[in-house]
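Note sheet for the following structure.
All values below come from the heavy atoms of this structure, side chains included, with hydrogens, waters and symmetry mates left out.
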Amino acid sequence: MQRLCVDHIVMLAAGDFRMRIARYLLTALAISVGVALVVALATVSDAARSYVEQTLYKVYPADVMLYSESINIPQRLLDVLRKSPSIESAEGIIITTGLYNGKVVSIVGIPLKDVDYFAIDLISGRLPVSGGEAVVEESVEARPGDEITIKVYSGALGGERTLRVKVVGVMRSFLKGFIGAFRLNLVVVPLDWLQQNLDTGPFVNTVLITARNKAEVKALYATLKETFKDAQVFSQENLLETVNQVFNALNAVFSVISGAALATAAITTFAVMSITTRERLREFGLLKAIGISSRDITLSVAAEVMAIALAAGAVGVVAGFYGASFVKQILVGMGINFDMPITFRPIYATIGLATAIVVAAVGALVPMYRVAKLRPLEILRLWQ
């Protein structure tokens, strides 16, 4: 008996597929487009989040950063911090801003002996080895051998200062074009040379601190924040939380876009299945009249919907993943530094197939309910 029921369901579903193949292909297309959009946005979002986090680790390699707007942190403080059993390293640098060719640049003075700590990604040239040499970010638009003049304006430094540096290397831009007009425009110079030219003496305004034990970072952050109340204290975790908040907001926008596409797919499914069930009313009535149950007929319609959903979901997952890779290539071609690998994760397939099934089920629910509730005599009266 159970075997007979299964045969009924398969036979009815297969017969209807052959008769209405074009209509069902349209339904599958609508669902697959929605699923592809969901998968593509999820893939790009995950890759972008990973890219930004990795870039953050390069720009900000420390666990905790102590920052003062004025260059007033004595370098002897570094020796005190390094003696702490909870601190692995403490690096002092100067971060200030200037103006070059009408654009704001970020001037960073770093100790040459610790230049590897900052993971400078050179495109051309070399690292500075003496005073007056600089590595610039590619967005500064200077080449090795160029001599550039930077104006530094600061009340704390006593007005305007002029820095003349020779470019010896060009480094890759961080987040180039990735977040709109934002540019770091880095100019990296030796710390002692910058201190001399800004007349700051043995002072810095930024200290990058790495903890020996990552479990102690929060305690270290709290201690520094309590001890240095006039300075700003940031932790890498704080910045990562900010990144997550930004991407959560972006994902909310992506969800609205995806939701609109999926709603269209659900409406298309509803329209197609409503028309199909209406056209098949006499067939359903005759099947019920000869003893085939409403359950078998409803399951046959459900089988059609699930087959469409699974096929459309599989196509959507593949199209979405390769679509994300295509978008990445477009971004790289536009000069946006987004050359991150787009990797497939099983969760994308799960999300895609589950989304397709839910959308198809929502769209077909009302038509299937109508089929289940109709009686043979009522169906035949509709055709008199």
Side-chain angles (χ1 to χ4, degrees), residues 56-62 64-82 89-101 103-122 125-140 142 144 146-174 183-210 228 230-234:
L56 178 61
Y57 292 139
K58 288 183 179 181
V59 178
Y60 183 46
V64 180
M65 181 173 73
L66 184 66
Y67 174 77
S68 173
E69 293 183 0
S70 300
I71 305 174
N72 59 3
I73 301 175
Q75 283 186 280
R76 64 177 181 272
L77 174 63
L78 301 178
D79 296 328
V80 176
L81 292 172
R82 288 166 183 158
S89 66
E91 303 293 338
I93 64 175
I94 290 177
I95 300 177
T96 188
T97 57
L99 200 63
Y100 166 68
N101 273 0
K103 66 175 64 175
V104 176
V105 296
S106 300
I107 306 161
V108 183
I110 65 175
L112 292 181
K113 63 181 179 65
D114 298 319
V115 68
D116 292 339
Y117 174 80
F118 298 94
I120 295 174
D121 187 7
L122 282 177
R126 59 175 175 82
L127 297 173
V129 295
S130 61
E133 295 182 343
V135 170
V136 301
E137 199 172 2
E138 59 181 326
S139 58
V140 175
D146 291 349
E147 293 188 0
I148 63 176
T149 300
I150 302 172
K151 298 291 185 181
V152 180
Y153 303 93
S154 173
L157 297 174
E160 177 184 316
R161 299 296 176 93
T162 301
L163 301 178
R164 293 182 177 85
V165 298
K166 180 179 180 179
V167 178
V168 297
V170 177
M171 63 188 293
R172 195 176 306 279
S173 288
F174 296 115
R183 294 289 190 278
L184 292 173
N185 294 328
L186 291 175
V187 177
V188 181
V189 297
L191 175 62
D192 55 356
W193 178 86
L194 185 59
Q195 289 172 325
Q196 181 182 349
N197 280 265
L198 297 181
D199 292 330
T200 64
F203 292 87
V204 295
N205 69 340
T206 305
V207 179
L208 301 175
I209 303 168
T210 303
F228 301 99
D230 294 333
Q232 301 177 53
V233 182
F234 305 94

How long is the straight-line distance from CD of Gln195 back to OG1 of Thr200, given to the nearest 0.5 Å?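 Output value for this atom pair is 4.5 Å.
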Atom pair CD1 (Ile93) and CD1 (Ile110), whose distance is rounded to the nearest 0.5 Å: 8.0 Å
Under the rule for salt bridge (charged side-chain N to carboxylate O under 4.0 Å, His left out), what residues qualify as partners of Asp79, not counting sequence neighbours? Arg82
Test salt bridge (charged side-chain N to carboxylate O under 4.0 Å, His left out) applied to Arg126 - qualifying residues, sequence neighbours left out: Glu133
Sequence-distant partners of [X], side chain to side chain donor-acceptor pair (under 3.5 Å), two or more places apart:
X	result
Asn101	none
Lys151	Glu160, Thr162
Glu147	none

Qualifying residues under side chain to side chain contact (heavy atoms under 4.5 Å, CB included), relative to [X], sequence neighbours excluded:
X	answer
Lys103	Val105, Glu141, Asn185
Asn205	Tyr67, Ile71, Ile94, Ile95
Pro202	Gln75

Check the pair Arg161, Asn197 against side-chain contact (heavy atoms from CB on, under 4.5 Å), reporting the backbone distance first and the verdict last. CA-CA 8 Å; Arg161 299 296 176 93; Asn197 280 265; over 6 Å; no
Within-4.5 Å side-chain heavy-atom neighbours: [X] and [Y]:
X	Y	result
Asp230	Ser68	no
Leu112	Asp192	no
Trp193	Leu163	yes

What verdict does the side-chain contact (heavy atoms from CB on, under 4.5 Å) test give for Ile107 and Tyr100, after you've listed the backbone C-alpha separation in whole Å, the side-chain angles of each residue and the deciding distance to 0.1 Å? CA-CA 11 Å; Ile107 306 161; Tyr100 166 68; over 6 Å; no
